[in-house]
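This report concerns only the one structure given below.
Starting from 1, each residue takes its place in the sequence as its number.
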Amino acid sequence: MRKLFSLDFLNKDILDTDVYSAASRKVAAKGDEVTPELLLKLYFREIYDTPVDAAAAAAIQTPTITIPEPEPEIVETPPAPPPPPEPEPVTIEPEPDEGFDEDRFDRDHAQDVYDLSVKMGKLLGLVGDDSSMLKEAAFYHAVGKAILQEDVYKQPDGAKKAAKAGYDYLINVKKQPERVAKVALKLLEKTYDSKEFPLKRDASFEFPLHHIVEIASFYVNYYKVVENKEAVCNTMLKIGYARFNPYILHRFVYNMRISHE
């Protein structure tokens, strides 16, 4: 039998020899001319017995190779360095005057006047800066007594010197505003100035803080002597507007009488 074709044009490594032999016999029986296309069709058994599917043949002859997209390279970003620590705030405490005597500062009296002044401030509707300044003024209203030497305070003009010392201490050491510091001076006058509390008050009106502190301080001091709330109230009403703001005085006495403290 003549040799019809050679497999040199094909990759012999991928052909099955049994299938090739069967295909060769079929070609010899038919007497057809062997071509590479015919060999492929025979090899994959797509002629003579089975109709050729053009799409399938094309798919076989030109296989689609999908090349996967390369994965993006992940570049790790180094973590940012931590921020530098914030400097701790430095609190500078003002140094008291050389003559300030902590032991002679009557904190019990200062606290009592403070508590009573705060209650009166709420009763009168003081808020914001008025309320804050009232607290400072009430607590430090008699601080001058702890600044002067005791023998100086007992002199005839000792009270005046103590008031001035207290004023200077609040301004220069405690850094309090003028409105707070002058309470120490105003309490020395022991008189009521109606011009400081006019009936018609505009937006520029500043509540005279010493009007409240004066009443609170007198009540605390006199109550320690008589230990009778009603007796203190009656005495304050007798003194009246010669020393106290009448508007604040009457509201104070009324509330003290109805309270159970």
Side-chain angles (χ1 to χ4, degrees), residues 104-148 153-154 158-167 169-170 174 176 179-199 201 205-261:
R104 290 197 295 114
F105 179 55
D106 192 347
R107 289 188 173 273
D108 291 338
H109 172 78
Q111 189 63 50
D112 291 340
V113 175
Y114 171 92
D115 293 339
L116 196 53
S117 296
V118 169
K119 291 179 181 179
M120 293 170 63
K122 291 180 179 179
L123 179 66
L124 296 170
L126 297 188
V127 295
D129 290 342
D130 287 339
S131 178
S132 300
M133 292 184 183
L134 174 62
K135 295 176 182 178
E136 296 291 335
F139 190 79
Y140 290 107
H141 71 282
V143 69
K145 295 180 182 180
I147 296 175
L148 290 184
Y153 178 72
K154 292 181 179 180
K160 184 177 180 179
K161 290 182 179 179
K164 181 61 169 61
Y167 174 87
Y169 174 80
L170 292 173
K174 301 299 291 183
Q176 292 295 329
R179 188 180 174 195
V180 173
K182 73 178 183 180
V183 171
L185 298 176
K186 284 290 185 179
L187 294 186
L188 180 66
E189 298 175 1
K190 300 184 185 302
T191 57
Y192 168 64
D193 186 356
S194 60
K195 295 180 181 179
E196 297 176 337
F197 201 79
L199 295 177
R201 299 183 284 272
F205 171 75
E206 289 187 346
F207 199 100
L209 303 178
H210 62 281
H211 287 191
I212 296 177
V213 180
E214 172 70 22
I215 291 176
S217 178
F218 182 92
Y219 181 89
V220 170
N221 286 328
Y222 198 58
Y223 185 83
K224 290 180 179 179
V225 177
V226 299
E227 296 184 353
N228 186 298
K229 180 172 64 176
E230 186 62 25
V232 178
C233 290
N234 288 334
T235 301
M236 295 177 73
L237 289 174
K238 289 179 181 179
I239 297 174
Y241 62 85
R243 180 171 179 177
F244 307 119
N245 181 318
Y247 170 75
I248 301 176
L249 174 62
H250 285 282
R251 294 202 63 179
F252 170 76
V253 170
Y254 173 78
N255 281 274
M256 289 300 293
R257 284 174 170 172
I258 65 175
S259 69
H260 298 286
E261 297 182 2

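Contact annotation: the side chain of K145 never approaches that of D106 to less than 4.5 Å [non-hydrogen atoms, C-beta and beyond]. By the 4.5 Å heavy-atom criterion applied to side chains, L237 and H250 are counted as neighbours. Taking 4.5 Å as the limit, some side-chain heavy atom of D130 sits within range of a side-chain heavy atom of R179. Proximity of P246 to Y192: side-chain heavy atoms (C-beta onward) are separated by under 4.5 Å at one or more points. Contact check for F244 versus I239: side-chain heavy atoms found under the 4.5 Å cut-off.
Legend: residues meeting side chain to side chain donor-acceptor pair (under 3.5 Å) with N234, ordered by chain and number and at least two apart, are R257.
Summarising the geometry, atom OG belonging to S131 is positioned 9.5 Å from atom CG belonging to D129; distances are rounded to the nearest 0.5 Å. Rounding to the nearest 0.5 Å places CG of D115 at 10.0 Å from CZ of F139.
At distances below 3.5 Å, at least one donor-acceptor pair connects side-chain atoms of K229 with backbone N or O atoms of S259. Listed for the S117 side chain is a donor-acceptor partner under 3.5 Å among the backbone atoms of V113.
Under the 6.0 Å cut-off for aromatic ring centres, Y219 and F252 qualify, their centroids lying closer than that. Between Y114 and H141, the distance from one ring center to the other does not fall under 6.0 angstrom.
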Practice task
Report the C-alpha distance between M120 and L126 in whole Å, list the side-chain angles of each, state the deciding distance to 0.1 Å, and finish with yes or no for side-chain contact (heavy atoms from CB on, under 4.5 Å).
Solution key: CA-CA 9 Å; M120 293 170 63; L126 297 188; over 6 Å; no

Handout entry: Intermediate values then yes/no, side-chain contact (heavy atoms from CB on, under 4.5 Å), F207 and L124
Key = CA-CA 10 Å; F207 199 100; L124 296 170; 3.7 Å; yes

Practice task
Dump the intermediate steps for side-chain contact (heavy atoms from CB on, under 4.5 Å) on Y223 and D112, then the final yes or no.
Solution key: CA-CA 11 Å; Y223 185 83; D112 291 340; over 6 Å; no

Handout entry: Stepwise side-chain contact (heavy atoms from CB on, under 4.5 Å) test for K122 and L134
Key = CA-CA 11 Å; K122 291 180 179 179; L134 174 62; over 6 Å; no

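When all heavy atoms of N255 and R251 are compared, the closest pair comes out as ND2-O, 2.7 Å. Considering all non-hydrogen atoms of both residues, M133 and L209 come closest at CB-CD1, 3.7 Å. Between V226 and A231, the shortest heavy-atom distance links the atoms CG2-CB, 4.4 Å. Across L170 and V180, no two heavy atoms sit closer than the pair CD1-O, 4.2 Å. Scanning both residues, E196 and P208, for their nearest heavy atoms gives O-CG, 3.8 Å. Of all non-hydrogen atoms in H211 and N245, the two that sit nearest each other are ND1-ND2, 3.0 Å.
Atom OH of Y222 has 12 or fewer neighbouring heavy atoms from other residues, nucleotides or ligands inside a 6.0 Å radius. Other residues, nucleotides and ligands contribute more than 12 heavy atoms inside 6.0 Å of the CZ atom of F205. Residue-environment remark: NZ (K224) exceeds the threshold of 12 foreign heavy atoms within 6.0 Å.
Side-chain contact of E189 with H210: a donor-acceptor pair under 3.5 Å is absent, judged by distance alone.
For the pair E136 and K174, the salt-bridge criterion is not met [side-chain N within less than 4.0 Å of a carboxylate O].
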